[in-house]
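Keep in mind it's a predicted model, so treat the numbers as computed, not measured. Read the numbers this way: they start at 1 and go in the same order the structure lists the ligands and their atoms.
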Amino acid sequence: MLQVTPVRAFSDNYIWLIHSPRNSRRVVAVDPGDAAPVEQALANSKLELGAILLTHHHADHVGGVAVLLHKHAVPVFGPASEAVPGNPVRLREGDAVALNELGLQFEVLDVPGHTAGHIAYVGHGAVFCGDTLFSAGCGRLFEGTAEQMAGSLAKLASLPDDTSVYCAHEYTVSNLLFGLAVEPNNDETRTYLEECRSRRAQDKATVPSSMRRERNVNPFLRCHKETVKQAAEARAGRGLNRTEIFAVIRQWKDGFRA
Ligand SMILES: [Zn+2]
């Protein structure tokens, strides 16, 4: 099992530090949007940065790269079709990141929708999915279409049940409230909401989640379910195909206030 430490940044971002299975003091930072909290975490736990992985070009994911590289001469990996700092090794689906010295290896998936070139890293029973899949939610469609995002989420949802889902934001409670608006009779959503509220009340992270959990509570992974289809069709006032169901609930979420 991978050892992964969250570093909080901004109001609700998580920068993940993946510990090397060979030497737990060496870590890989995923989406360091801010250098200062990463430096602090490295100093506090006497960790050494070994590499940087980037999922997409948004500033809250890449803003700390240049500053980190001043102090740490480490390789940077990022999406092939997006402009990100750090002169990265450019990756697309089918590529792999082999950090042999650290004992870490990840496969790359293209997951467009939130941004056009967004990628995810899969390996060691975990997925680092940036702003594509959140616990009980998904990223907004800034650059891609509903069809692209639905395809990207389907790709992620095909990962094994016990895959740990490391998303980049703490949005779970508000996402679950939306999930209940879509599926008021989903008992797991209700139970999980209470669990996550309690974790947040103790200032604990609700993530990582698991793919099994996401398949059960995430309305964006459940567009094939009759409950979600009915809720979306009631909202739209007409019959909908699978992609339209996704588009309607994504739009519904955009305007949703719990
Ligand atoms: Zn983003």
Student: Look up atom CZ in Arg213 and atom CG in Asp161, then write down how far apart they are to the nearest 0.5 Å.
Tutor: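 If we round to the nearest 0.5 Å, Arg213:CZ and Asp161:CG are 12.0 Å apart.
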Student: Is there a donor-acceptor contact under 3.5 Å linking the side chains of His58 and Glu82?
Tutor: no
Student: Taking all heavy atoms of Gly179 and all of Thr189, pick out the closest pair and write down the distance.
Tutor: C-CG2, 4.3 Å
Student: For Arg197 and Glu194: C-alpha separation, side-chain torsions, deciding distance, then whether salt bridge (charged side-chain N to carboxylate O under 4.0 Å, His left out) applies.
Tutor: CA-CA 5 Å; Arg197 274 185 163 144; Glu194 289 320 308; 3.4 Å; yes
Student: Would you name the heavy atoms of Leu49 and Val74 that are closest together and state the gap between them?
Tutor: O-CG1, 3.3 Å
Student: What protein N/O/S atoms sit under 2.8 Å from the Zn ion (ligand 1), by chain and number?
Tutor: His56 NE2, His58 ND1, His114 NE2, Asp131 OD2
Student: Using the ring-ring contact (aromatic ring centres under 6.0 Å, His included) definition, which of the options His118, His114, His56, His57 pairs with Phe142?
Tutor: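 Only one of His118, His114, His56, His57 forms a ring-ring contact (aromatic ring centres under 6.0 Å, His included) with Phe142, namely His114.
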